[in-house]
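Working notes for the structure below.
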Amino acid sequence: MASWVFRLLPKNIRFLATSSENQRAEGCLRHHEAYGYFLPIQTRWQDNDQYGHVNNAVYYSYFDTIINHYLIRDIEIAHPKLQPSEMKEETSCYTVSFGNSPKKIWLKSYKRYCGLKTGLLTSPMVGFMVTNQCTFHTPVGFPQVPVAALAVEKVGHSSVHYRLALFPPKPTKEPPSVDHHDLSDGFFFGHPKLGQYDALACTTGSSVHVFVNPATSKPMGLPEDFRRGLLRLMRPVSM
């Protein structure tokens, strides 16, 4: 709808139209497709409150966990040269033996995560969380193992805007099959283990990090490697 036409509508009609659009956007953010990275979260007995479900304040710690897990992890992985364009443009030559015939192949490596150093004495930058928000749709509780979801909405000069969600396991007799690899590395959108989780998020949220120089606490520009890791999680607002 053209903006000038929208302004001519009565206020109550404009409110309803805006409210409907916001609800549609929120509904889109409850689906797996809105996110790029996923990390199973083991709930704890102490997470539950007197009502028998996870207390609302604890969800912020789940979201903080997946954000910092992605920022801190740093793994170099070798892949065949013909790979998606977002991979880091570094190639190496390897000699592989096929029987008695050695053959040279070119491999490309890239960082799956961001590799942020967290020590105040060794890290070139630290992240200050300046905004947090949660919307609660349905509860989860111990001993469930939900999966947290992360997407990057915007990368600024020194700030990062995140979108977050928590998906409960499907209501089956067997809990999700989660192993050490899932807990230590997480997985990306399209992984078959997402099929173990409900299609609708029980909680959605957003956060904003501002990265600063640890010596001065002044905002600083994001390094290119770090920015590249964040841009891998950029996803459309609506599907």
Side-chain angles (χ1 to χ4, degrees), residues 3 18 21-39 41 57 59-76 84-90 109-135 147-167 185-190 201 203-239:
S3 59
T18 302
E21 184 176 340
N22 290 341
Q23 289 177 1
R24 185 184 65 82
E26 179 65 28
C28 289
L29 299 182
R30 292 187 67 188
H31 293 274
H32 296 164
E33 291 83 359
Y35 303 92
Y37 179 64
F38 299 82
L39 182 70
I41 300 291
Y59 289 86
Y60 291 98
S61 71
Y62 296 164
F63 288 163
D64 197 45
T65 295
I66 187 173
I67 289 172
N68 286 288
H69 190 280
Y70 187 80
L71 296 184
I72 294 170
R73 292 290 284 164
D74 184 7
I75 300 177
E76 292 283 352
S85 59
E86 72 267 20
M87 291 186 178
K88 192 175 180 181
E89 293 296 332
E90 293 182 357
S109 67
Y110 73 106
K111 287 187 177 180
R112 290 182 63 189
Y113 307 89
C114 292
L116 177 68
K117 307 302 180 186
T118 56
L120 285 176
L121 298 178
T122 58
S123 177
M125 63 178 183
V126 294
F128 288 169
M129 192 64 75
V130 298
T131 301
N132 272 318
Q133 178 272 330
C134 273
T135 300
V147 66
L150 174 66
V152 173
E153 192 166 48
K154 177 184 176 182
V155 180
H157 175 70
S158 60
S159 63
V160 185
H161 297 240
Y162 308 101
R163 293 204 308 274
L164 300 132
L166 192 72
F167 292 90
D185 291 345
F187 45 83
F188 293 84
F189 177 71
T203 310
T204 51
S206 61
S207 295
V208 178
H209 253 152
V210 173
F211 290 89
V212 304
N213 184 306
T216 64
S217 293
K218 299 293 184 183
M220 60 175 290
L222 302 177
E224 192 57 36
D225 280 358
F226 186 72
R227 180 182 296 272
R228 188 183 298 114
L230 292 166
L231 291 176
R232 291 192 68 223
L233 296 188
M234 289 282 287
R235 301 193 67 81
V237 175
S238 59
M239 286 74 66

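In this text, all values refer to a predicted model and were calculated from it rather than measured experimentally.
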Steps toward side-chain contact (heavy atoms from CB on, under 4.5 Å) verdict (T135, L29): CA-CA 11 Å; T135 300; L29 299 182; over 6 Å; no

Which atom pair, heavy atoms only, marks the closest approach of A201 to A165? CB-CB, 3.9 Å

side-chain contact (heavy atoms from CB on, under 4.5 Å) for L231 and V152? Distances and angles first, verdict last. CA-CA 7 Å; L231 291 176; V152 173; 5.9 Å; no

Of the non-hydrogen atoms in P214 and P124, which two are nearest, and what is the gap between them? CD-O, 3.3 Å

Could you give the distance from CZ (R228) to CZ (R232), rounded to the nearest 0.5 Å? 11.0 Å

Dump the intermediate steps for side-chain contact (heavy atoms from CB on, under 4.5 Å) on Y62 and L164, then the final yes or no. CA-CA 10 Å; Y62 296 164; L164 300 132; over 6 Å; no

Please walk me through it: do L71 and F211 pass side-chain contact (heavy atoms from CB on, under 4.5 Å)? CA-CA 12 Å; L71 296 184; F211 290 89; 4.0 Å; yes

Rounded distance [0.5 Å steps], OH in Y70 versus CG in L233: 4.0 Å

Can the positive tip of R73 be found less than 6.0 Å from the middle of the six-membered ring of Y37, inside 45° of the ring normal? no

Rounded to the nearest 0.5 Å, what's the gap from CG on L150 to CG on L230? Could you check? 9.0 Å

For Y162 and F63: C-alpha separation, side-chain torsions, deciding distance, then whether ring-ring contact (aromatic ring centres under 6.0 Å, His included) applies. CA-CA 10 Å; Y162 308 101; F63 288 163; over 10 Å; no

Nearest non-hydrogen partners of M129 and V208, listed with the distance: SD-O, 3.2 Å

Could you measure the distance from the CD atom of E153 to the NE2 atom of H161? Nearest 0.5 Å is fine. 8.0 Å

If you measure from OG on S158 to NZ on K218, what distance do you get to the nearest 0.5 Å? 12.0 Å

Looking only at heavy atoms, what is the nearest atom pair of L222 and G156, with distance? CD1-O, 3.8 Å

Going by ring-ring contact (aromatic ring centres under 6.0 Å, His included), name the residues that satisfy it together with F167, two or more places apart in sequence or in a different chain. H32

Smallest separation among heavy atoms of M234 and V155, with atom names: SD-CG2, 4.5 Å

Sequence neighbours left out, what passes side chain to side chain contact (heavy atoms under 4.5 Å, CB included) with S217? Give chain and number order. F128

Correct closest heavy-atom pair for T203 and C134 would be CG2-SG, 4.3 Å

Those residues that, when tested against H69, pass ring-ring contact (aromatic ring centres under 6.0 Å, His included) (two or more places apart): none

